[in-house]
Amino acid sequence: MSKAPKPVFVCQECGSQSSKWLGRCPDCNAWNSFVEERPVEAVAGAGLAAGGHRYSLPGAAGGAKKYADVESSHTARLTTAIDEFDRVLGGGIVPGSLVLLGGEPGIGKSTLLLQAAANFARLHGPVLYASGEESEHQIKLRGERLGVGDAPLYLLAETCVERILEEIGRVRPRLLVVDSIQTVFSLKFQSAPGSIGQVREAATQFLFAAKGHDLPTFLVGHVTKDGALAGPKVLEHVVDTVLYFEGERHHAHRVVRAIKNRFGAVSELGVFEMTGGGLRPVPNPSQLFLAERPTATPGSAVLCCVEGSRPLLVEVQALVSTATYGTARRMAIGIDAGRVSLLLAVLEKRAGLVLVGEDVYVNIAGGMSLDEPAADLAVLAALASSVRNRPLAPGTAVFGEVGLGGEVRGVPQAPLRLREARQLGFTRVVLPAANLDDESRKSADEAGATLVGVRHVGEALDVLL
Ligand code: TYD
Ligand code: MG
């Protein structure tokens with residue numbers, strides 16, 4: 001009854017499938033992205049229909065269970081002894097979890113995972129580090145710089161998924177690292193490693209292994225030219241946690257951010273510094289981001305933002321200068337350019353600043369990127385300060401969302417932001433009037449800091465400049 005499997009064409013950008021080749025993907029509009037993928041015949045009755053859903057674990061058979069009968073297990077999280085890494089994971093590694101770590105080449109994915117793997121091996125037992133990118137010798141060289149020492153760490157230079165799974169049976173590791181998911185291939189699939197079909201197949205097999213053996217697994221993922229994870233949709237759905245390495249190669253510091261986490265808060269941050277001896281956690285990143293801040297310079301404002309559960313102080317810089325050619329340039333780094341345009345319009349209409357024919361540049365210092373609306377007031381303050389060429393009062397920090405009417409709106413987690421500002425020695429905080437409640441007053445009183453609540457951008461600029 002078995003028929004030869006039909007070939008399918010799969011878009012390598014978004015994973016969309018078609019029975020014939022198409023020049024342009026109807027889903028994501030990418031050109032020339034369809035590649036033929038030929039699944040190997042399904043094994044009858046094994047629940048492994050190629051291309052279908054295969055979320056049944058061999059050996060884990062059993063019917064549906066009543067909710068009340070399911071044991072609630074509070075399994076302890078396994079620490080990696082790297083505080084910043086445990087924090088992004090939501091407090092350590094959850095047994096049986098599948099974690100994807102994405103990032104640009106050379107940003108430090110292998111370095112971080114080798115460090116974490118070595119610590120883990122020392123604390124909890126053997127770790128299998130499978131690399132399709134580097135030989136055992138190369139990994140060893142790196143390990144020597146990182147001080148891996150005699151931890152029970154097993155290295156395997158291998159790209160075949162089935163072989164890696166075999167080694168799991170032999171080594172019986174407590175943790176598996178696969179570097180990277182784009183270099184491995186499954187014998188069940190005939191397309192090249194890195195193609196959507198292979199990535200999906202390999203990730204699914206590692207998912208089974210992770211859940212079936214309660215084996216926490218880290219997959220390294222590469223990113224495409226435009227910064228998205230290769231095979232993004234496919235991978236993000238399969239894994240429990242997606243971590244993303246941010247930062248510029250020209251800066252020493254790196255930020256690991258949780259984009260999705262079934263076991264913790266999203267947009268949780270871990271901050272690291274790349275040193276000669278690997279990645280070093282930075283326990284107080286606000287200090288790092290504010291280290292080279294110019295004081296008494298127009299166009300600079302300090303923002304109290306919150307990433308995940310962590311408050312952070314960052315410097316927002318703005319430069320407004322007369323345009324020399326035709327249309328004025330508007331540029332934003334580390335913050336959405338659309339948001340900046342919106343705030344410029346608010347400044348013109350609601351605060352009476354004239355910005356026609358001015359070039360506007362906004363930058364978040366230190367390579368950070370923000371997407372919180374609470375950054376609005378700080379961006380406005382930096383812009384207005386640059387336009388008027390007057391610095392903000394020293395020792396002042398700002399946060400608040402700004403609406404199109406020029407109103408300043410309250411934001412969540414104000415006390416957390418205030419505490420961080422106080423710890424870094426800021427004596428005055430300009431914030432939305434709506435956030436002036438007892439709790440924030442109390443935390444400001446303790447620190448001897450002044451709080452200035454504002455309702456409108458005009459009012460805010462009067463207070464700030
Ligand atoms: P790597 O972990 O190989 O990046 P990825 O796996 O994300 O491609 O990191 C490589 C960079 O880090 C490389 O440019 C060298 C640098 N590095 C250090 O500065 N110090 C170190 O101790 C190590 C191991 C690497
Ligand atoms: Mg690497």
Side-chain angles (χ1 to χ4, degrees), residues 80-85 88-89 98-122 127-151 153-159 161 164 175-185 193-194 198-199 202-203 206 217-232 235 239 241-259 269-282 288 366-367 369:
T80 60
I82 304 175
D83 293 350
E84 294 292 303
F85 195 43
V88 267
L89 289 166
L98 185 62
V99 181
L100 175 69
L101 176 65
E104 284 173 26
I107 194 128
K109 301 180 294 295
S110 307
T111 306
L112 179 63
L113 286 181
L114 192 59
Q115 283 178 282
N119 286 352
F120 190 98
R122 233 171 266 130
V127 174
L128 180 61
Y129 188 105
S131 178
E133 309 210 326
E134 292 163 304
S135 67
E136 286 104 344
H137 188 69
Q138 283 173 307
I139 303 172
K140 171 106 194 193
L141 264 180
R142 181 201 302 264
E144 275 164 8
R145 290 173 69 181
L146 304 176
V148 168
D150 53 4
L153 179 65
Y154 292 82
L155 305 180
L156 175 68
E158 179 59 67
T159 52
V161 177
I164 296 173
L175 176 76
L176 171 68
V177 177
V178 179
D179 189 0
S180 64
I181 190 72
Q182 277 92 1
T183 52
V184 293
F185 71 96
Q198 279 292 7
V199 165
F206 287 123
T217 302
F218 282 98
L219 306 177
V220 170
H222 287 291
V223 294
T224 54
K225 287 191 292 291
D226 45 4
L229 282 160
L235 277 177
V239 301
T241 302
V242 181
L243 306 180
Y244 202 83
F245 238 116
E246 289 174 2
E248 290 171 40
R249 264 189 287 175
H250 312 292
H251 282 104
H253 67 264
R254 306 274 188 273
V255 175
V256 179
R257 194 189 290 269
I259 307 286
L269 286 187
V271 184
F272 299 89
E273 194 178 0
M274 184 59 99
T275 66
L279 286 158
R280 199 176 56 78
V282 178
L288 179 89
S369 60

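For ligands, and for the atoms within them, numbers begin at 1 and follow the listed sequence.
- Set against the non-hydrogen atoms of Thr111, the atoms of ligand 1 under 4.0 Å away are 1 (P), 2 (O), 9 (O), 24 (C), 25 (C).
- No side-chain donor-acceptor contact under 3.5 Å links Arg254 to the backbone of Phe245.
- Look at Gly276 and you'll find a heavy atom under 4.0 Å from some atom of ligand 1.
- Distances from the Mg ion (ligand 2) show that Ser110 has an N/O/S atom below 2.8 Å.
- In this structure, the side chains of Leu153 and Leu114 come closer than 4.5 Å at one or more pairs of heavy atoms.
- For ligand 1, the atoms lying closer than 4.0 Å to a non-hydrogen atom of Pro105 are 8 (O).
- Considering only heavy atoms from C-beta on, Pro281 comes within 4.5 Å of Ile82 through its side chain.
- Contacts of Arg145 with ligand 1, taken as heavy-atom pairs under 4.0 Å, involve the side chain alone.
- Formation of a donor-acceptor pair under 3.5 Å by the Lys109 side chain with backbone atoms of Gly103 is found in this model.
- Numbered from 1 in the order shown, with element, the atoms of ligand 1 that lie under 4.0 Å from a heavy atom of Gly277 read 22 (O).
- Geometrically, ligand 1 and Leu146 share no nitrogen or oxygen pair separated by less than 3.5 Å.
- Near Arg142, with a cut-off below 4.0 Å to any heavy atom, the atoms of ligand 1 are 1 (P), 2 (O), 3 (O), 24 (C).
- The option from Gly106, Gly143, Gly102 that lies nearest to atom 13 (C) of ligand 1, judged by heavy atoms, is Gly106.
- Distance alone, capped at 3.5 Å, places no donor-acceptor pair between the His222 side chain and the Gly194 backbone.
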key: Worked verdict on Asp179 versus Ile139 for side chain to side chain contact (heavy atoms under 4.5 Å, CB included)   = CA-CA 11 Å; Asp179 189 0; Ile139 303 172; over 6 Å; no
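- The backbone N or O of Val88 lies less than 3.5 Å from no partner atom in the side chain of Arg257, so there is not a single donor-acceptor pair.
- Ligand 1 is approached by Thr275 to a heavy-atom distance shorter than 4.0 Å.
- Taking every non-hydrogen atom of Glu104 and a distance limit under 4.0 Å, the qualifying atoms of ligand 1 come out as 7 (O).
- Distance OH/Tyr129 to CG/Leu113: 6.0 Å, rounded to 0.5 Å.
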